[in-house]
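Just so it is clear, the values below take in all heavy atoms, side chains as well, and ignore hydrogens, waters and symmetry mates. Every number for a ligand or one of its atoms is a count from 1 in the order of the listing. Owing to the predicted nature of the structure, the values given are computational and were not obtained by experimental measurement.
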Amino acid sequence: MILRMFGVKELEGSKSVSGGEGTRLRLAELFSKESPLYLIDEPTSHLDAEGVEYLAQRLWSIETFVLVSHDRELLDAQCDSIIEIEHGEVNRYEGNYSSYLEQKKRAFERASFEYEQYIGEMERLTSAYRVKKEQAKNAAKKPRGMSSSEAKVRDFSSMRRSPKGKAKGLERSAENIKKRMEHMEVKEKPKELPKIRPLFSLTDPPRNPVIMEAESLSFTYPNGREIFRNAVFRLMRGSRTVLLGENGSGKTTLIRLILEGKLIRTVPKAKLGYLKQDLSDLDDTLTVLECAAETSVQSPTVVRNILARLLFTARDIEKPVSVLSGGERVRLAFARIFLSDANVLVLDEPTNYLDIPSVEAIQAMLAVYEGTMLFTSHDKTFVRAVATDALLIENKKIVEYDLSDY
Ligand SMILES: Nc1ncnc2c1ncn2[C@@H]1O[C@H](COP(=O)(O)OP(=O)(O)OP(=O)(O)O)[C@@H](O)[C@H]1O
Ligand SMILES: [Mg+2]
């Protein structure tokens, strides 16, 4: 039996159910039937802590399942084997996700070490080869200021090998060195991503200490569902604030209100960066590189660098946007945000539907983001890595939350 998560667009279709409410419904349906094997695709999308806990409890009682998930906590707690698909190959690692990461890290270190050794040995052999070649050339020449008959006598009396013979010997050892180089196992340099940051000053960031504010926020949906009542909301400059709250508490609603810009005031110099849920702002007729450059205020070098850090290879960046997968489109949309003049990011569950390498790439960039950021996420590892502050929606109010309790 397979639980398939619906795509973003389908979830968007059912506007009156929050993301988490939809996932809960589908999970309940999955677990209502017995099955010898469960194939579970991204079950924690949108789920709050309580929902994830329920799922974890259910998984403990299941003997065999194949789980596709970007929730690293869940993978660590539940899985005893990790299957990775990379460069068209399937690799299996024993142990949980942390153990897999550790094994990958060790493999990377080993590969780097072997590469250094390889390069060192190549350099040594190349210079040995040059020396032998040089010596062979010199040996073939007769010493300066000596006539050829004198040289012959010298060689004969000292029982030396003739210069020709000596030159041949040296040539031979040069050739041997060359052969050794040719037969050495070639080591590839392990790939490491370059580290260049966008110049944040190019976004002309605001200097106000408070970037967004609502002193008394009240909001009720037309059907009578009240979300906020006289709530106070304030977003501080330079903070990366995570918005917490149970499924259905109003996180997405708050983000929509911010983007609407009616009930919540934003300082004039703030330029909002956000992911459009359907990613409709990506022009399908451009290449990845052109699309990233289209709205960029950064240099072409930074554009390429950011794309590389978001896991686009040199070949990928020449692809047309039209052929990109869902995850690739999200990464490209992120590249555009980082390169644009946006200086306040507002992101609602930005890592949903992304694979772990993509989450980690985006997480690494957001964790050093210099602007202001408000985001929601149910991925604890992501929140811990990125957030500097937290706000909690509770009883229709927005309160400060101590991240050390998270
Ligand atoms: N257009 C709407 N009309 C009526 N009710 C709505 C509408 N949109 C959302 N709701 C309800 O408002 C509440 C808050 O929804 P919202 O999407 O903001 O929750 P959330 O905190 O983002 O939840 P989740 O963690 O599941 O994403 C939910 O109970 C939801 O069912
Ligand atoms: Mg939501």
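- Proximity of the aromatic rings of Tyr100 and Tyr93 is defined here by a centroid distance below 6.0 angstrom, and this criterion is met.
- Heavy-atom proximity to atom 22 (O) of ligand 1, evaluated over Thr23, Thr252, Leu244, is greatest for Thr252.
- In summary, the atoms of ligand 1 found under 4.0 Å from a heavy atom of Asn247, numbered by their order in the structure, are 23 (O), 24 (P), 25 (O), 26 (O).
- With ligand atoms numbered from 1 in the order given, ligand 1 contributes 26 (O), 27 (O) to contacts under 4.0 Å with heavy atoms of Gly19.
- Counting atoms of ligand 1 from 1 in the listed order, those under 4.0 Å from a heavy atom of Gly20 are 24 (P), 26 (O).
- Under the 3.5 Å distance criterion, the side-chain polar atoms of Lys133 are left unmatched by any main-chain donor or acceptor of Ala174.
- Here the closest non-hydrogen pair linking Pro206 and Asn343 is CD-ND2, 3.6 Å.
- Looking only at distances, no side-chain donor or acceptor of Ser69 sits under 3.5 Å from a matching main-chain atom of Glu42.
- Looking at residues two or more places apart in sequence or on another chain, you find no ring-ring contact (aromatic ring centres under 6.0 Å, His included) involving Tyr274.
- In summary, the aromatic rings of Phe228 and Phe233 are positioned with their centroids too far apart to meet the 6.0 Å limit.
- For residues 285-306, the pairs satisfying salt bridge (Lys or Arg N to Asp or Glu O under 4.0 Å) are Glu294-Arg336, with sequence neighbours left out.
- Defined by atom type and a distance below 3.5 Å, a donor-acceptor pair is missing between the side-chain atoms of Asn96 and Ser99.
- Near His378, meaning under 4.0 Å from one of its heavy atoms, ligand 1 places the atoms 25 (O).
- A tilted orientation is assigned to the rings of Tyr38 and Phe31, their planes being inclined by 30° to 60°.
- Remark: ligand 1 atoms within the under-4.0 Å shell around heavy atoms of Thr253 are 14 (C), 15 (O), 16 (P), 18 (O).
- Contact check on Arg384 versus Glu73 returns a salt bridge, with a Lys/Arg side-chain nitrogen under 4.0 Å from an Asp/Glu carboxylate oxygen.
- Residues that satisfy the ring-ring contact (aromatic ring centres under 6.0 Å, His included) test with Tyr118, not counting sequence neighbours, are absent from this structure.
- Between Ile227 and ligand 1, not a single N/O pair is under 3.5 Å apart.
- Residue Gly250 approaches ligand 1 through these ligand atoms, each under 4.0 Å from one of its heavy atoms: 14 (C), 18 (O), 19 (O), 20 (P), 21 (O).
- Between the choices Lys251, Glu349, Glu246, Arg256, the shortest heavy-atom distance to atom 25 (O) of ligand 1 belongs to Lys251.
- For ligand 1 and Asn223, the ligand atoms under 4.0 Å from any heavy atom of the residue are 4 (C), 5 (N).
- Protein atoms of type N, O or S found under 2.8 Å from the Mg ion (ligand 2) total 1.
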